[in-house]
Q: 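Sharing a structure with you now.
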Amino acid sequence: MGLITLINHKSSFINLNYHNNQNLSFFIFFSSKSQQQKQPFSTSVETIVTLLKSCSKKTHLLQIHTQIIRTLLIRQQIILTSFLSCVALSPLHDLKYSNRFFAQIRKPDCFNFNTMIRAYSQSDSPLEGWKFYNGMRERGIRPNPLSSSFVLKSCTRISSLIGGRQIHARILQDGHQSDCLLLTTLMGFYAFCENGSDARLVFDEMPQRDTVAWNVLISCYARNGRTRDALSLFDFMQNPEYGSKPDDVTCLVALQACAHLGSLEFGERIHRYIDEHGYGDATNLRNTLIAMYSRCGCVDKAFRVFQGMSERNVVTWSAIIHGFAMNGHGRDAIEAFREMQRMNVPPDDQTFTGVLSACSHSGLVDEGLMFFERMRIEYGIAPSIHHYGCMVDLMGRAGYLDQAYELIISMTVKPDSTIWRTLLGACRIHRHVALGERVVSHLIELKAQEAGDYVLLLNMYASVNDWDKVADVRKLMKEKGIQTTPGCSTIELHGQVHEFVVDDDSHPQMKEILAMLDEIEKQLKIAGYVAEVSSELHKLSAHDKGFVLSYHSEKLAIAFGVLSTPPGKTIRVAKNLRICIDCHNFAKALSSVYNREVVIRDRSRFHHFREGNCSCNDYW
DNA sequence: CTAGGGTTAG
């Protein structure tokens, strides 16, 4: 086809090709100016609109502008509108230009206002969109559901709860309360502001709910700690009464909930669902599966998923590195990191969080220091508070307490309470009272003292037999009315999660469980297990509540596991607080006497017990 | 004279 023929077929040619070769369509457009006048008017409009839609370069835009500014075309609303959309939204996203252009439009319509609101919602100053949202009312233009949707996005981005509530009210005023998509955005907003109950209220008010709406609710619950509710929704939505089918996103967010809860059985069920419904190839789902299995203490399963993947990105590698790290396989984590480099996948900050935490959990001090150095120098990644946290943990556990303190002081980021708490934990392990007290003063300065901090302090004094100080701290806690978080352990059985809380005997089988625990302790004592009561948290809760006998929740959960599962089956327990040394010894002894593998998940990692050994000997 | 909207990985 010759060029002349091409030019004659200009419009259709551009329509067909703009997405394939933008430069070519621009070439044809501008080399056929003389032809253009002969074209029917409407075709020209169409052509320009098409060009604007595909325009991703400022120079092209300016060319079109000069071209149309001299013609009558510039007065056509559709051209103005297309032009504004082109400047305002990505990839051009030029807010200065779009503001100037917007001012030129004599009668901006709802769509034009929405374009501006949308452009600002994606910008660095999302709230500027409000001006247009209010502006359209002043000009007597009724906002449509999309106006509210875009300005809601702005509120979500800066977590403005007040702003979002105002929009919520206006949505009702404007009569848009049956717009399913808009309400989903609204739910997403409440979810993002960690306001699960309001998200739920919106959900309940929705006239009909599709899978996306369910997904938002599940994701909201999964992120805000209501993991159990999140999982029950996975089944609930399939109820014929609602009839929504979980899709790939549902699986993804549900898997996150499983990871949080340590709910292996449920996670495996979702894994099967994924394979049965043909979502198995999605990289994001595979990555989440790796994370889920890792966080349920099954690195081998995580690794199997990892091995089965043909495409692995940074997230994949980071997930498996984290998986190895939190399960005590520090060396494997480092090996995975090396392999990742061989495959030329550049690591990012989160990869290094995994590598560094692998070093800290496995006591690889030199390696940790080396990676910390390489991260900054070789990869130019500025350490975040998480990286520092790993380093403080690493140095602290290894006994380099003063160096850890120095590191915190030298940080470019402001130390948060978590990092001080990490050091406080190390002070307790190494019985470094003087530094521990200094750390507490920092926590007090941050006004961030939590019950757990007092407990650590208490344990530290107890470990050096300073009972006067122990009494002081206790008194202080009583005066301040500080409530300790009760220890809580969960164990999953046939898809049901059983929860055990210290001093709470509400479990229907509590009698049998206590009898079983008694029996176990007897057996373990014969094998040489000696109860250790240096953990003051233990005494404290029993003392405060007037119990003579008080069992840690993980012991109850383990006893329940022995009671309710066949011999040889692995017992998996998740615990909200740090495991204490006594329960650690208990599990270790049980793994050999009862020949059971025991896996306990702590706040941040796993303790694997097998045949009287554990994965974390000196670093519990 | 016709455009834009919701959920999602380590």
Side-chain angles (χ1 to χ4, degrees), chain A residues 42 45-46 49-50 52-53 76-86 88-90 109-119 121-122 143-153 156 176 179-189 191-192 199 202-203 206 209-223 244 246-256 259 279 282-295 302 305-306 309 312-326 336 340 345 347-355 357 386:
Chain A
S42 63
V45 170
E46 204 175 82
V49 169
T50 312
L52 282 170
K53 258 197 218 162
Q76 295 214 10
Q77 183 75 15
I78 179 170
I79 297 276
L80 291 169
T81 300
S82 303
F83 202 89
L84 183 67
S85 307
C86 178
L89 304 174
S90 60
D109 59 11
C110 180
F111 188 88
N112 298 142
F113 274 104
N114 286 356
T115 305
M116 293 307 288
I117 303 173
R118 181 145 83 116
S121 77
Q122 296 162 359
N144 67 7
L146 281 103
S147 322
S148 314
S149 176
F150 295 140
V151 77
L152 253 179
K153 262 269 148 63
T156 309
H176 297 148
D179 188 313
C180 179
L181 272 71
L182 178 57
L183 292 186
T184 313
T185 316
L186 186 61
M187 274 175 66
F189 159 76
F192 193 83
V202 176
F203 182 82
M206 285 172 81
R209 308 172 188 98
D210 60 6
T211 300
V212 181
W214 287 96
N215 290 350
V216 177
L217 190 65
I218 296 175
S219 147
C220 172
Y221 281 174
R223 276 207 310 259
S244 285
D247 64 4
D248 50 343
V249 179
T250 322
C251 292
L252 198 126
V253 293
L255 281 175
Q256 290 175 321
Y279 305 138
T283 309
N284 55 355
L285 273 177
R286 300 261 119 191
N287 291 344
T288 313
L289 277 169
I290 296 176
M292 183 276 291
Y293 280 127
S294 302
R295 295 204 58 171
V305 175
F306 175 84
M309 289 172 72
R312 300 181 186 129
N313 56 22
V314 217
V315 182
T316 319
W317 287 100
S318 304
I320 198 70
I321 290 171
H322 266 112
F324 282 135
M326 69 178 100
M340 170 185 186
V345 181
D348 66 7
D349 54 332
Q350 293 209 53
T351 318
F352 276 104
T353 313
V355 173
S357 81
H386 301 291

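Since we're looking at a predicted model, the values are computed, not measured.
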Q: Please tell me whether A/Asn287 and A/Thr316 have a donor and an acceptor in their side chains that are separated by less than 3.5 angstrom.
A: yes

Q: Which whole-number value in Å describes the distance from A/Leu52 CG to B/dA3 P?
A: 15 Å

Q: Can you name the side-chain hydrogen bond (donor to acceptor under 3.5 Å, both in side chains) partners of A/Asn284, sequence neighbours left out?
A: none

Q: At 4.0 Å (heavy atoms only), tell me whether A/Asn313 reaches a base, stays on the sugar-phosphate, or touches nothing.
A: base

Q: Give A/Arg223 one of three labels, base, sugar-phosphate or nothing, depending on what nucleic acid heavy atoms sit under 4.0 Å from its own.
A: sugar-phosphate

Q: Expressed in angstrom and rounded to an integer, what is the separation of A/Ile321 atom CD1 from B/dG10 atom P?
A: 15 Å

Q: Can you tell me if A/Trp317 is stacked onto the base of B/dG10, using a 5.5 Å centroid cut-off and an angle below 30°?
A: no

Q: Picking from B/dG10, B/dG5, B/dA3, which would you name as closest to the side chain of A/Thr81?
A: B/dA3

Q: When you get a sec, tell me which of B/dG4, B/dG6, B/dT8 is the closest nucleotide to the side chain of A/Val253?
A: B/dT8

Q: Output yes when at least one side-chain N/O atom of A/Lys53 is less than 4.0 Å from OP1 or OP2 of B/dG4, else no.
A: no

Q: Do the side chain of A/Asp179 and the main chain of A/His176 share a donor and acceptor less than 3.5 angstrom apart?
A: no

Q: Which part of the nucleic acid, if any, lies within reach of A/Asn112 when heavy atoms closer than 4.0 Å are counted: base, sugar-phosphate only, or nothing?
A: nothing

Q: Look at the side-chain N and O atoms of A/Gln256 and state whether any lies under 4.0 Å from the OP1 or OP2 oxygen of B/dG10.
A: yes

Q: In whole angstrom, give the distance that lies between atom OH of A/Tyr279 and atom C1' of B/dT8.
A: 13 Å

Q: For A/Ala213, answer base if it contacts any base atom (sugar-phosphate contacts may also be present), sugar-phosphate if it contacts only those atoms, and nothing otherwise; contact means non-hydrogen atoms under 4.0 Å.
A: base

Q: Round to the nearest Å and state the distance from A/Leu183 atom CG to B/dG5 atom P.
A: 17 Å

Q: For the pair made of CZ in A/Phe324 and C1' in B/dG10, what is the distance, rounded to whole Å?
A: 14 Å

Q: Nearest to the A/Val216 side chain among B/dT7, B/dG10, B/dG4, which nucleotide is it?
A: B/dT7

Q: Of the options B/dG5, B/dA9, B/dT8, whose atoms approach the side-chain atoms of A/Thr283 most closely?
A: B/dA9

Q: Any side-chain heavy-atom pair from A/Ser318 and A/Asp348 closer than 4.5 angstrom?
A: yes

Q: To the side chain of A/Val314, which of B/dG5, B/dA3, B/dG10 is closest?
A: B/dG10

Q: Which is true for A/Thr353 with a 4.0 Å heavy-atom rule: it touches a base, it touches only sugar-phosphate, or it touches nothing?
A: nothing

Q: Counting side-chain heavy atoms from C-beta on, which of B/dA9, B/dT8, B/dG6 comes nearest to A/Thr184?
A: B/dG6

Q: So does A/Asn287 reach the base of B/dA9 with its side chain, donor to acceptor, closer than 3.5 Å?
A: yes

Q: Output the single nucleotide from B/dG6, B/dT8, B/dG4 whose closest atom is nearest the side chain of A/Thr185.
A: B/dG6

Q: Using a distance-only criterion (donor-acceptor N/O pair, under 3.5 Å, no hydrogens), is the base of B/dG6 paired with the side chain of A/Asn215?
A: no

Q: Look at all strands and tell whether A/Val212 reaches a base, only sugar-phosphate, or nothing, counting heavy atoms closer than 4.0 Å.
A: base

Q: Could you give the CZ-to-P distance, from A/Arg295 to B/dA9, as a whole number of Å?
A: 15 Å

Q: When you check the phosphate oxygens OP1 and OP2 of B/dT7, does a side-chain N or O of A/Arg209 lie under 4.0 Å from one of them?
A: no

Q: Over how many whole Å does the gap from A/Ile117 atom CD1 to B/dG4 atom C1' extend?
A: 12 Å

Q: Please classify the nucleic acid contact of A/Leu181 as base, sugar-phosphate, or nothing, using heavy-atom distances under 4.0 Å.
A: base

Q: Over all heavy atoms of both residues, which pair between A/Ile321 and A/Gly354 is shortest? Give the atoms and the distance, please.
A: CG2-C, 3.7 Å

Q: Taking the side chain of A/Ala291 as heavy atoms from C-beta outward, which of B/dG6, B/dG10, B/dG4 is closest to it?
A: B/dG10

Q: What integer distance in Å separates A/Phe83:CZ from B/dC1:P?
A: 21 Å

Q: Cation-pi check for A/Phe306 against A/Arg286: NZ or CZ below 6.0 Å from the six-membered ring centre and within 45 degrees of the axis, yes or no?
A: no

Q: Is there a donor on the side chain of A/Asp210 or the base of B/dG6 sitting less than 3.5 Å from an acceptor on the other?
A: yes

Q: Pick base, sugar-phosphate or nothing for A/Leu182, based on heavy-atom distances below 4.0 Å to the nucleic acid.
A: base

Q: Where the side chain of A/Val249 is concerned, which of B/dG5, B/dT8, B/dG10 is the nearest nucleotide?
A: B/dT8

Q: Would you say A/Met206 and A/Met187 make side-chain contact, with heavy atoms under 4.5 Å?
A: yes

Q: To the side chain of A/Ile78, which of B/dA3, B/dA9, B/dT2 is closest?
A: B/dT2

